[in-house]
> 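So that we are looking at the same thing, I have put the structure below in structure tokens.
Only a predicted model underlies this, so the values are computations on that prediction, with no experimental measurement involved.
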Amino acid sequence: MKSFSYLSAPDVGTALRTIADSGDVKFLAGGTNLVDLMREGIEHPATVVDITRLPLTGIEELPDGTIRVGALVSNSRLAADPLIRTRYPVLAQAILLGASAQLRNMATVGGNLLQRTRCMYFYDEASACNKRVPGSGCDAIGGFSRGSAVLGASEHCVATHPSDMAVALVMLDAVVEVESVRGLRRIPVAEFHRLPGDTPHIETVLAADELITAVELPPVPVAVHSRYRKVRDRASYAFALVSVAAALKVADEDRIVEVRLALGGVATKPWRAHIAEELLLGAEATDESFARAAAAELAPALPLPDNAFKTDLAQRTVVAVLRKLNAERSAS
């Protein structure tokens, strides 16, 4: 690991000034895999700022019903919070299906959003990876691609985003609050992560001098009836092959009046399934409708030889989750 300067920031102002004064700074807190990447020689920051002491650990309800979650709230604490479990069960479920209990105790909301892909070629310095070395190529294309993306990929990168929590946040229309010495701005989570295009090494819209300070969860009444399902190779400590975050409201005559869908494990960023949502609104709540919408969402998929199964698996998982939500509604 190359040498770097280390700073423990006592307050947000100090952290922001450090960012502004340094051209190459990274934050040390729970959730990111910064230390692993530094050990592997992938990240080489000149300055590492420890932000674990910052006062960003609150969970509060705002007057309009929005829940504001500090960036340093641990994943375990967020999943256990009564407001989250009651109003946004999909988020609690997504968090509890991620990593291990020990990691969830250390991981944070802000760090989770900034974690980087687990693509094997990204970690292997002997391989070509445009995320690690821009312009070097992508060995996953033409290589072992079982875990790669089928949506949102480009000829320069097919790596999936690893977060479970972010999939639920995208479904909930959550907003990321970021701050710099220039002031504060709010970014929808759905717009926070970038598609790879021809610059896969630029993964978010976060400016170099900005720090995530909070995530806001707007009132989403339909989220009371929501669910997260994660399909993976083993029951714990594994990243999703396919995941689905969904919420469903069905009115009289079994017509869908509100639906939200997001996918994980299949795309280069947490994927909001807008095509499927549009087709489902007003449709009858049947397996046929669910399947038709899922097929339309996955129609643009561009699978590689090893991951073609994801297209069908994603469709079947969408149908299964919506069917479960509809059955729970009918039984209540």
> Under the rule for salt bridge (Lys or Arg N to Asp or Glu O under 4.0 Å), what residues qualify as partners of Arg186, not counting sequence neighbours?
Glu216
> Does a side-chain N-to-carboxylate-O contact under 4.0 Å join Arg272 and Asp173?
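Yes, charged N to carboxylate O under 4.0 Å.
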> Give a yes or no on whether the backbone of Ser5 and the side-chain of Thr47 come within a donor-acceptor separation of less than 3.5 Å.
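Side chain of Thr47 to backbone of Ser5: no pair is present.
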> Atom CG in Leu280, atom CD1 in Ile275: separation rounded to 0.5 Å?
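The CG atom of Leu280 sits 12.0 Å away from the CD1 atom of Ile275.
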> Looking at Arg194, Gln115, Arg116, Lys269, which hits side-chain hydrogen bond (donor to acceptor under 3.5 Å, both in side chains) with Glu203?
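That would be Arg116.
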> Are Phe239 and Leu97 connected into the same hydrophobic cluster when the rule is that any two of I, L, V, M, F, W, Y join if their side-chain heavy atoms are below 4.5 Å apart?
no
> Using modelled atom types and a 3.5 Å cut-off, is there a donor and acceptor pairing between side-chain atoms of Arg104 and backbone atoms of Leu96?
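Yes; at least one donor-acceptor contact below 3.5 Å.
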> Answer yes when Arg17 and Asp21 have at least one side-chain N-carboxylate O distance shorter than 4.0 Å, and no when they do not.
no
> Set out, in order, the CA-CA distance, both residues' side-chain angles and the distance that settles side chain to side chain contact (heavy atoms under 4.5 Å, CB included) for Arg227 and Glu328, then state yes or no.
CA-CA 11 Å; Arg227 177 174 290 273; Glu328 291 171 349; 2.3 Å; yes
> Any luck finding a side-chain donor-acceptor pair between Asn105 and Ser76 under 3.5 Å?
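Yes - a donor-acceptor pair under 3.5 Å links their side chains.
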> Are the side chain of Arg77 and the backbone N or O of Ala80 linked by a donor-acceptor pair below 3.5 Å?
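No; judged by distance alone, with no hydrogens or angles, the pair does not exist.
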> Please check: side-chain N/O of Thr213 versus main-chain N/O of Glu177, any donor-acceptor pairing under 3.5 Å?
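Flag set: sc Thr213 to bb Glu177 pair under 3.5 Å.
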> Mark yes or no for whether Glu191, through its side chain, and Pro188, through its backbone, hold a donor-acceptor pair below 3.5 Å.
no
> Main chain of Gly265, side chain of Lys310: is a donor-acceptor contact present, judged purely on distance under 3.5 Å?
yes
> Cut-off 3.5 Å, side chains only: do Asn112 and Ser163 have a donor facing an acceptor?
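Side chains of Asn112 and Ser163: pair found under 3.5 Å.
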> Would you say CZ of Arg185 has more than 12 non-hydrogen atoms from neighbouring residues, nucleotides or ligands within 6.0 angstrom?
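Atom CZ in Arg185 is crowded, with more than 12 foreign heavy atoms closer than 6.0 Å.
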> Any side-chain to backbone donor/acceptor pair from Asn130 onto Cys157? Under 3.5 Å, distance only.
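Pair absent, no side-chain N/O of Asn130 close to backbone of Cys157.
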> Hydrophobic clustering (ILVMFWY, side-chain heavy atoms < 4.5 Å, transitive) - are Leu169 and Val73 grouped together?
yes
> Would you confirm whether Asp209, through its side chain, and Ala20, through its main-chain N or O, come within 3.5 Å as a donor-acceptor pair?
no
> Counting only heavy atoms not in Phe309, do more than 12 sit closer than 6.0 Å to its CZ atom?
yes
> Regarding Ser289 and Glu284, is there a side-chain donor-to-acceptor distance under 3.5 Å anywhere?
no
> Leu313 pairs by side-chain contact (heavy atoms from CB on, under 4.5 Å) with which of Val266, Val242, Asn307?
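That would be Val242; it is the only one of Val266, Val242, Asn307 passing the side-chain contact (heavy atoms from CB on, under 4.5 Å) with Leu313.
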> Under the side chain to side chain donor-acceptor pair (under 3.5 Å) rule, what pairs show up with a residue in residues 51-60, not counting sequence neighbours?
Ser8-Arg53, Asp50-Thr52
> Charged N to carboxylate O under 4.0 angstrom, Asp233 versus Arg146?
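The answer is yes: the pair qualifies as a salt bridge.
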> Would you say the side-chain atoms of Lys26 pair up with the backbone N or O of Pro45, donor to acceptor, closer than 3.5 Å?
no
> What are the two closest non-hydrogen atoms of Ala159 and Thr117, and how far apart are they?
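Between these two residues, the closest heavy atoms are CB-OG1, 3.5 Å.
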> Test: ring pair (Phe, Tyr, Trp, His ring centres under 6.0 Å). Region: residues 126-184. Which pairs qualify, not counting sequence neighbours?
His161-His193
> Apply side chain to side chain contact (heavy atoms under 4.5 Å, CB included) to residues Leu263 and Val318 and explain how you reach the verdict.
CA-CA 9 Å; Leu263 306 178; Val318 167; 3.8 Å; yes
> For Tyr228 and Ser243, does a side-chain donor sit closer than 3.5 Å to a side-chain acceptor?
yes
> Answer yes when Arg329 and Asp254 have at least one side-chain N-carboxylate O distance shorter than 4.0 Å, and no when they do not.
yes
> Under 3.5 Å, side chain of Ser145 to main-chain N/O of Ile141, donor-acceptor pair present?
no
> Just so I know, are the side chains of Thr204 and Ile187 near enough to count as touching, which here means a heavy-atom distance under 4.5 Å?
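Heavy-atom side-chain distance check fails, nothing below 4.5 Å.
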> Establish whether Leu151 and Val189 are linked, either directly or via other cluster members, by ILVMFWY side-chain heavy-atom contacts under 4.5 Å.
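No, it is not one cluster - the side chains of Leu151 and Val189 are not joined through contacts under 4.5 Å.
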> Test side chain to side chain contact (heavy atoms under 4.5 Å, CB included) on Met120 and Asp124; report intermediate values, then the result.
CA-CA 6 Å; Met120 67 176 68; Asp124 181 9; over 6 Å; no
> Go through it in stages, so that I can follow the logic: the residues are Glu179 and Leu211, the test is side chain to side chain contact (heavy atoms under 4.5 Å, CB included), and I'd like the CA-CA distance, side-chain angles, deciding distance and then a yes or no.
CA-CA 5 Å; Glu179 192 171 346; Leu211 173 70; 5.5 Å; no
> Taking 4.0 angstrom as the limit, do Arg132 and Glu40 come out as a salt bridge?
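No salt bridge links Arg132 with Glu40.
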> Under 4.5 Å between any side-chain heavy atoms of Leu34 and Phe27, yes or no?
no
